[in-house]
Amino acid sequence: MNSRLNNAHLTQTANASAFQLGKDKPMSSILETLNAASCAAFSDMGFPANIGVTRESDRPDLAPFQCNGAMAAAGILKKQGEKSNPREIAQKIVESLQGHPAIAEMEIAGPGFINIRPTRVALTSRAVELAADQNVGATSVSPQTIVIDYGGANVAKPMHVGHLRSAVIGECLKRLLRFQGHNVIGDVHLGDWGLQMGHLITELMDEQPDLSYFDVSKNDDYPVETPVQMDDLARLYPAASNKAKEDPSRMERSRVATAELQAGRAGYRALLEHFIAVSIAALKEGYGALGVEFDLWKGEAAVDPLIPDMIAGLKAQGITEEDGGALIIRVATEEEKKDTPPVMLLASSGAVLYHTTDLATLVDRKAEIDPDLILYVVDQRQALHFEQVFRAAVKAGWYKRDQLDHLGFGTMNGKDGKPFKTREGGVLRLEDLMSMMRDAADKRLNEAGIGADFPEKERADIANKVGVAALKFADLQNQRITNYIFDPERFTAFEGKTGPYLLYAAVRIKSILRKAKDQNVTSGEVNINESAETGLVLALDSFDRALKSATDKYAPHLLCDHVFRLAQAFSRFYSDCPILAGETPDIVKASRLTLAETTLRQLEHGLHILGIEAPERM
RNA sequence: GAUCCCAUAGCUCAGUUGGAUAGAGCGCAAGAUUCCUAAUCUUGAGGCCGGUGGUUCAAAUCCACCUGGGAUCGCCA
């Protein structure tokens, strides 16, 4: 198909100023422009404006945009007892929209669908606008202060595949909200205050009973040097946990140690400090390799001092109850079918529980940050827990219900649908997964014969970036809430809808920009003629929508879709529309170069939000 | 037992407020590189949207029931 011939009738110069947007008006996308026009047309006919929405077409082969309001309008008239024909309504709408500067063609199809093609002037004008905009069409919102609680890490437990999702999704949402203009604080909220600490303490006691931390006659002046490394912690915890499962008396020792720790036993507190410090150092490395960064490294232990006052306050409010020796807050409501179990503030043993520390953390955040919104990116299986905590926090009057949100995600399963295990039946460590990804990327570099002459260091950097991109994109492109199959073969596939595909698109643009510089070709006025160029502008145009819908639903996969579609549109443009080839006229080179630059900028924004970094070449 | 989530192409998954011929990637079949990176592009085959009934001019989408899978259900986190 020769699109040059098809577009021959459009050879007049498309001057951006011919389509008046007005310099002081806020930017609006092509779709927003069309949507405003179609809604107004319905409104003028006496219908509610919102039935006239224009959207991206389900049938892009017919036209890029569609408006289905005529059927809805006919439905409204029918309810009022008036007879009407949706095609006739559509016809009137089309007539009233006729001549709109952004609309090239309208066509009524089927029962009353209106298919809409934008004018070349509108496309060109929008492309010019996007090219001039640092954020390539992304608009910001009124800023809020938002805390995101994610990562899901625990002291003493090495990071494994189960930690991947919270880190990757949470990081993406943090960056997404920041990009929209919010003030976002990422908090790792370390699990460092529960039974696992009792396990660690008692197991270490069994292994090295002579350590001064266990000497009850001593209460300060403990060694500055840590008695354990990360490997020790990783070994001690499962050992204790397994013994405790078999042996109730072993479990009891861990419980007692936990209670003593929480009661403030100095030797145990000193040990905890070491455990936390050693773990944080390891976690920073692990998260760092994934490109995940936290603003706060607070944990449950950090808010422990707030608990007595908090509990006193809750008691004074009269919302607590004693039940079987435990202190609880009832949070069930009358109308719900199923009784929501109460929040457990204190166990009958007097120990502090998960509910208590999470509530204390809410108190702490209120006092220190006073956020508008707190988001928890935690496994969906904890939905009930958060519902209970949130209700208690609302009951206490600290927050409104809509300031607290649990963004659950599905569990990661193996191909058999059960929680993923390695062939040996163990959990796959995150660092092993990462090196698997790097190796696969390195292998691909070898196969492609690319990078043989690259410096060793750059090669390693490329393999790492490709591996991380593949890993993160594979995770983020899944709908957040559903379970997800962890399949190493699929993870290391670098073709199709993958992270490396996106990097490849970015790298090809970078390569062109370097060559253009060498050849002294500079970007210039955009002119849209080819269908691949139109497709690229339409893809660029939808960035803000993708950001908004991804934000509204806290759904990174919607942004993944956009970035992938953008890369696809670019790839098609790349193969259909030579940019620097000798036969391309200079004016076309300049226009296409602008499109390429603009695409790269949007692609890099999108990749950055996803937490993916592109190399210079690959 | 109760409550919640899920079921869409051979596989992994999208599917906006209910709209046309339900999409993408992988895999499969056929093609494209004297030209900016083929980790690419083009074309094709492939579907009873778990089942039954209901609401509607129109249902993968809303409602009811059923089947299959998963999760959760006060002193673990």
Side-chain angles (χ1 to χ4, degrees), chain A residues 50-51 53 55-59 61-62 66 68 71-72 74-75 78 86 109-113 115 154 191 193-196 251 255 300 323-328 330 336-349 351 353-355 357-358 379-385 388 408 410-411 413 415 417-418 441 444-445 447-448 450 466 474 477-479 481-485 487 490 493-498 500-501 503-505 507-509 511-516 519 545 549 553 557-558 560-561 564-565 568 571-572 574-576 578-584 592 596 617-618:
Chain A
N50 65 343
I51 68 166
V53 291
R55 51 179 223 187
E56 280 171 57
S57 178
D58 290 333
R59 294 289 306 275
D61 53 316
L62 300 176
Q66 64 175 237
N68 300 343
M71 275 88 73
K78 194 189 171 189
F113 300 100
N115 293 321
N154 288 304
W193 200 234
L195 182 66
Q196 75 263 33
M251 177 62 95
R255 283 195 209 282
E300 297 170 323
D323 191 282
L327 190 69
I328 64 170
R330 294 205 187 274
E336 68 189 338
K337 289 177 189 167
K338 181 191 128 187
D339 280 352
T340 300
V343 164
M344 304 288 302
L345 286 173
L346 294 173
S348 46
S349 69
L353 301 162
Y354 188 30
H355 283 144
T357 52
D358 265 4
D379 192 316
Q380 180 61 22
R381 287 176 294 189
Q382 297 193 30
L384 178 60
H385 164 78
Q388 292 172 275
T411 54
N413 297 330
K415 274 184 172 175
K418 291 173 185 164
R444 185 69 193 85
L445 272 175
E447 283 167 6
I450 293 172
V466 170
Q477 69 164 313
N478 291 290
Q479 202 177 62
I481 200 76
T482 56
N483 288 346
Y484 136 113
I485 305 249
D487 174 357
R490 228 181 89 239
F494 295 158
E495 278 88 39
K497 191 175 181 178
T498 64
Y501 177 90
L503 298 189
Y504 188 64
V507 160
R508 292 212 285 190
I509 302 175
S511 172
I512 288 173
L513 298 185
R514 279 193 299 270
K515 284 211 162 66
Q519 297 172 18
R545 287 198 288 290
S549 52
K553 294 176 186 163
H557 82 277
L558 297 176
C560 288
D561 260 0
F564 178 65
R565 274 162 48 190
Q568 267 186 317
S571 292
R572 190 175 158 224
Y574 182 91
S575 70
D576 285 7
I579 299 168
L580 299 175
E583 66 195 52
T584 307
R592 289 179 179 170
R617 50 184 185 173
M618 63 188 272

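Chain letters run A, B, ... following the sequence lines, proteins first, then strands; residues in each count from 1. The figures that follow rest on heavy atoms only: side chains count, while hydrogens, waters and symmetry mates do not.
When heavy atoms are screened at a 4.0 angstrom cut-off, Val507(A) is found touching base atoms of the nucleic acid. As judged by a 4.0 angstrom heavy-atom cut-off over every strand, Arg59(A) is placed among the base-contacting residues. Counting any heavy atom pair closer than 4.0 Å across all strands shown, Ala326(A) reaches a base atom. When heavy atoms are screened at a 4.0 angstrom cut-off, Gly324(A) is found touching base atoms of the nucleic acid. Across all strands shown, Gly191(A) has no heavy atoms under 4.0 Å from either base or sugar-phosphate atoms.
Across A39(B), A77(B), U37(B), the shortest atom-to-atom separation from the side chain of Pro500(A) is found for A39(B). Closest to the Met618(A) side chain, of the nucleotides A39(B), C73(B), A20(B), is A39(B). Checked against U37(B), U21(B), A14(B), the side chain of Tyr574(A) finds its nearest nucleotide in U37(B). Side-chain atoms of Pro578(A) lie closest to C36(B) of the nucleotides C57(B), C36(B), U37(B). The Ile579(A) side chain lies nearest to C36(B) when the options are U37(B), G74(B), C36(B). Listed candidates were C36(B), A14(B), C76(B). Nearest to the side chain of Leu195(A) is C76(B). Nearest to the side-chain atoms of Ser571(A) among the listed nucleotides A14(B), G74(B), U40(B) stands U40(B). Across A77(B), A38(B), A20(B), the shortest atom-to-atom separation from the side chain of Asp58(A) is found for A20(B). Comparing C75(B), C13(B), U40(B) against the side chain of Tyr501(A) picks out U40(B) as the nearest. Distance from the side chain of Leu580(A) is smallest to C36(B) among A39(B), C57(B), C36(B).
With hydrogens and angles left out, the side chain of Ser348(A) and the base of C75(B) share a donor-acceptor pair within 3.5 Å. Counting atom types as modelled, Asp379(A) pairs no side-chain N or O with a base atom of A77(B) as donor and acceptor under 3.5 Å. Put simply, the side chain of Arg572(A) and the base of U42(B) share no donor and acceptor less than 3.5 Å apart.
Rounded to a whole angstrom, the distance from the P atom of C49(B) to that of A60(B) is 7 Å. Look at the P atom in both C26(B) and U21(B): the space between them is 27 Å, to the nearest Å. Separation of the P atoms belonging to A22(B) and G47(B) is 12 Å when rounded to the nearest angstrom. As rounded to the nearest Å, G51(B) and A7(B) have C1' atoms that lie 11 Å from one another. G68(B) sits 23 Å from A59(B) when the C1' atoms are compared, rounded to a whole Å. With C1' as the reference atom, G50(B) and C6(B) are 11 Å apart, rounded to whole Å. Taking the C1' atom of each, C62(B) and G69(B) are spaced 24 Å apart, rounded to whole Å. Look at the C1' atom in both G10(B) and C5(B): the space between them is 26 Å, to the nearest Å.
At whole-Å resolution of the value, CZ in Phe494(A) and C1' in A38(B) are 17 Å apart. Atom CG of Leu503(A) and atom P of U37(B) are 16 Å apart (whole Å). What separates CG of Asn483(A) from P of A71(B) is a distance of 8 Å, to the nearest Å. One interatomic measurement links the two molecules: CE of Met71(A) to C1' of A58(B), which rounds to 8 Å at whole-angstrom precision. Note: CD (Glu447(A)) to C1' (U37(B)) measures 16 Å, nearest angstrom. Rounded to whole Å, atom P of C76(B) lies 16 Å from atom CG of Asp358(A). Rounding to whole angstrom units, CD of residue Gln479(A) and C1' of A14(B) are separated by 8 Å. Between the CD atom of Glu583(A) and the P atom of C35(B) there is a distance of 12 Å, rounded to whole Å.
With hydrogens and angles ignored, the 3.5 Å screen pairs no side-chain donor or acceptor of Arg617(A) with any backbone N or O of Ser511(A). In this structure, Asn483(A) contributes its side chain and Thr411(A) its backbone to a donor-acceptor pair below 3.5 Å. Looking only at distances, no side-chain donor or acceptor of Gln477(A) sits under 3.5 Å from a matching main-chain atom of Phe564(A).
At least one side-chain heavy atom of Gln568(A) sits less than 4.5 Å from a side-chain heavy atom of Tyr501(A).
Residue His385(A) has no polar side-chain atom (N or O) positioned under 4.0 Å from OP1 or OP2 of C73(B). Remark: Thr482(A) is not in phosphate contact with G70(B), judged by side-chain N or O atoms under 4.0 Å from OP1 or OP2. Taking 4.0 angstrom as the limit, Tyr504(A) places a side-chain polar atom (N or O) nearer than this to OP1 or OP2 of A39(B). Residue Arg444(A) places at least one side-chain N or O under 4.0 Å from the OP1 or OP2 atom of A39(B).
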Inset, instruction - Can you run through RNA chain B from 5' to 3' and write each base as (, ), [, ], | or . depending on how it pairs? Watson-Crick or G-U wobble, both distances under 3.5 Å. - result: (((((((..((((.....[...)))).(((((.......))))).....(((((..]....))))))))))))....
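Residue order along RNA chain B, read from the 5' end via each residue's closest nucleotide, puts Asp61(A) first among Asp61(A) and Arg255(A). Mapping Gln388(A) and Gly75(A) onto RNA chain B by nearest heavy atom places Gly75(A) closer to the 5' end of the strand.
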Inset, instruction - For side-chain contact (heavy atoms from CB on, under 4.5 Å), just list the numbers for Arg444(A) and Glu495(A), CA-CA rounded to whole Å, side-chain angles, deciding distance to a tenth of an Å, and then say yes or no. - result: CA-CA 11 Å; Arg444(A) 185 69 193 85; Glu495(A) 278 88 39; 3.7 Å; yes
Inset, instruction - Show the numbers, then the answer: is there a side-chain contact (heavy atoms from CB on, under 4.5 Å) between Val466(A) and Met618(A)? - result: CA-CA 9 Å; Val466(A) 170; Met618(A) 63 188 272; 4.0 Å; yes
Inset, instruction - List the steps and the verdict of side-chain contact (heavy atoms from CB on, under 4.5 Å) for Tyr354(A) and Glu300(A). - result: CA-CA 9 Å; Tyr354(A) 188 30; Glu300(A) 297 170 323; 3.9 Å; yes
Legend entry - side-chain contact (heavy atoms from CB on, under 4.5 Å) between Arg55(A) and Asn68(A), intermediate numbers included: CA-CA 9 Å; Arg55(A) 51 179 223 187; Asn68(A) 300 343; 4.0 Å; yes
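Closest non-hydrogen pair, Gln380(A) versus Gly408(A), comes out as OE1-CA, 3.2 Å. The two residues Thr498(A) and Ala493(A) have their closest heavy-atom pair at CG2-O, 3.3 Å. The two residues Val343(A) and Gln388(A) have their closest heavy-atom pair at CG2-O, 3.3 Å. Nearest heavy-atom pair across Phe494(A) and Ala441(A) is CE1-CA, 3.3 Å. Across all their heavy atoms, Ser348(A) and Gly324(A) have their closest contact at CB-O, 3.7 Å.
Taking syn as a glycosidic angle within 90° of 0, G15(B) does not qualify and is anti.
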Legend entry - Base-contact (B) and sugar-phosphate-only (S) positions in nucleotides 24-32 of chain B, heavy-atom cut-off under 4.0 Å, - elsewhere: SSS------
